Protein chains: 2
Amino acid sequence: MAISASKPATAPQIDDTTLRGFIGYTMKRAYMVVRNDMHRVLAEHDLRVTTFSALCIIAENSDLTQTQLAGALKIERSSVVVVVDELEGRELISRNRVEGDRRTYALRITLKGRRLFERIVEEAKQHENALLSDLSDAERETLFGLLKRVENSAS
Amino acid sequence: MAISASKPATAPQIDDTTLRGFIGYTMKRAYMVVRNDMHRVLAEHDLRVTTFSALCIIAENSDLTQTQLAGALKIERSSVVVVVDELEGRELISRNRVEGDRRTYALRITLKGRRLFERIVEEAKQHENALLSDLSDAERETLFGLLKRVENSAS
DNA sequence: TATTGTTATACTCTATAACTATA
DNA sequence: TATAGTTATAGAGTATAACAATA
């Protein structure tokens with residue numbers, strides 16, 4: 001055995017030039033890394049990504065409707081129901097009746113919800129910082145800016 | 001009615017500052033745009049994203065094994081089976097027996113597969129160009145570079 | 001024993017469509 | 001008629017785990 005490598009020198013040297021040339025694929029691979037990291041943070045609090053995203057929006061927009069939430073998250077209203085059910089079931093938000101239009105709910109974060117929200121934001125920011133530790137502040141801003149411009153170029 | 005807007009001036013003005021502050025969310029939204037665009041291109045050829053990704057890898061790495069393909073795409077070997085079945089069923093690639101190790105297949109793109117591969121690459125590149133038309137060449141390179149650095153910082 | 005490919009299964013995420021109650 | 005929220009269902013997409021053939 002001695003010093004010989006566990007795998008031959010001609011190990012899998014796979015060429016992915018074409019695939020990596022697509023912004024979609026390169027973005028997917030980077031996104032998976034970032035998403036997995038966020039998963040780890042949220043799993044500790046038994047939350048899914050979309051559920052936490054909804055909590056963020058409700059935290060900053062008291063008394064918004066489910067339809068508004070759907071618009072902000074760019075998901076269907078029917079998907080919002082599941083998410084809001086979950087947040088309400090855990091007493092992180094409340095559904096409040098609105099005078100004048102009994103069809104809609106005013107979503108509002110609870111004290112318990114705000115505490116969890118603030119705690120997770122802090123944890124997630126720390127994880128994000130570690131993940132982006134390789135990038136300078138200027139580079140992080142550049143990345144955010146470029147991503148937003150790509151998003152806004154949607155046909 | 002006249003010139004009055006169809007929606008009130010105090011229309012849904014949702015604040016998503018915190019959520020947008022996370023690189024994961026901003027990346028997700030940008031990725032969705034790019035992915036949907038690619039979906040449209042591939043749907044015309046009845047291909048899914050991962051299936052086309054596999055075709056790219058096989059096109060550039062003749063006679064690779066399914067395990068190598070799984071490694072390159074960062075997906076499970078069991079998932080590769082489905083993808084390779086689909087590509088083989090459409091005669092875009094072939095599974096070839098290997099002398100010396102009858103457990104493995106050598107995956108190879110067919111002529112038909114190469115023609116489709118080259119055609120889709122061209123179409124996808126055009127779509128990508130349109131999608132990134134807002135970005136200069138330098139900015140595109142910057143985006144690719146930053147994304148790769150984020151990916152490589154995986155814990 | 002370890003590895004390649006396979007199968008069966010289950011799980012997550014989200015959309016679609018049909019419904020209700022209100023407006 | 002139109003809108004908010006709801007329900008049931010279905011479809012991607014992928015992973016997990018157990019397995020057969022081969023090394």
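Here the structure is a predicted model, which means the values were calculated and not measured. No hydrogens, no waters, no symmetry mates; every other heavy atom, side chains included, goes into these values.
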Could you walk me through whether A:E151 and B:R20 satisfy the salt bridge (Lys or Arg N to Asp or Glu O under 4.0 Å) test, starting with their C-alpha distance in whole Å, then the side-chain angles of each, then the deciding distance to 0.1 Å, before giving a yes or no?
CA-CA 12 Å; A:E151 178 188 343; B:R20 286 288 180 172; 2.8 Å; yes
Are B:I23 and A:M32 joined in one hydrophobic group, where the rule is that I, L, V, M, F, W and Y side chains link up if heavy atoms are under 4.5 Å apart?
no
Of all heavy-atom pairs linking A:F117 and B:T18, the shortest is CZ-CG2, 4.0 Å
Could you pull out all donor-acceptor pairs under 3.5 Å where a side-chain atom in residues 71-82 of chain B meets a protein atom, sequence neighbours excluded?
none

Contact list please: residues 93-105 of chain B against DNA chain C, heavy atoms, distance less than 4.0 Å, in numerical order.
B:R95, B:R103, B:T104, B:Y105
Only one of A:H45, A:E44, A:M38 passes side chain to side chain contact (heavy atoms under 4.5 Å, CB included) with A:L42; say which it is.
A:M38
Could you list all the salt bridge (charged side-chain N to carboxylate O under 4.0 Å, His left out) pairs where at least one residue sits in residues 98-109 of chain A, not counting sequence neighbours?
A:D63-A:R108, A:D101-A:R103
Leading and trailing nucleotides of DNA chain D with any atom under 4.0 Å from heavy atoms of chain B
D:dG13 to D:dA23
A:D46 versus A:E86, closest heavy-atom pair with distance:
O-OE2, 4.1 Å
Closest-nucleotide ordering on DNA chain D, the 5'-leading residue of A:D85 and A:K28:
A:D85
Contact summary for A:F22 and B:E128, nearest pair of heavy atoms
CA-OE1, 3.3 Å
Restricting to non-hydrogen atoms, name the atom on A:A59 and the atom on A:I109 that form the minimum distance, rounded to 0.1 Å.
CB-CD1, 3.7 Å
Counterpart residues, ring-ring contact (aromatic ring centres under 6.0 Å, His included), relative to A:F144 (two or more places apart)
none
For DNA chain C, which residues of residues 75-84 of chain A approach it to below 4.0 angstrom with any heavy atom?
A:I75, A:E76, A:S78, A:S79
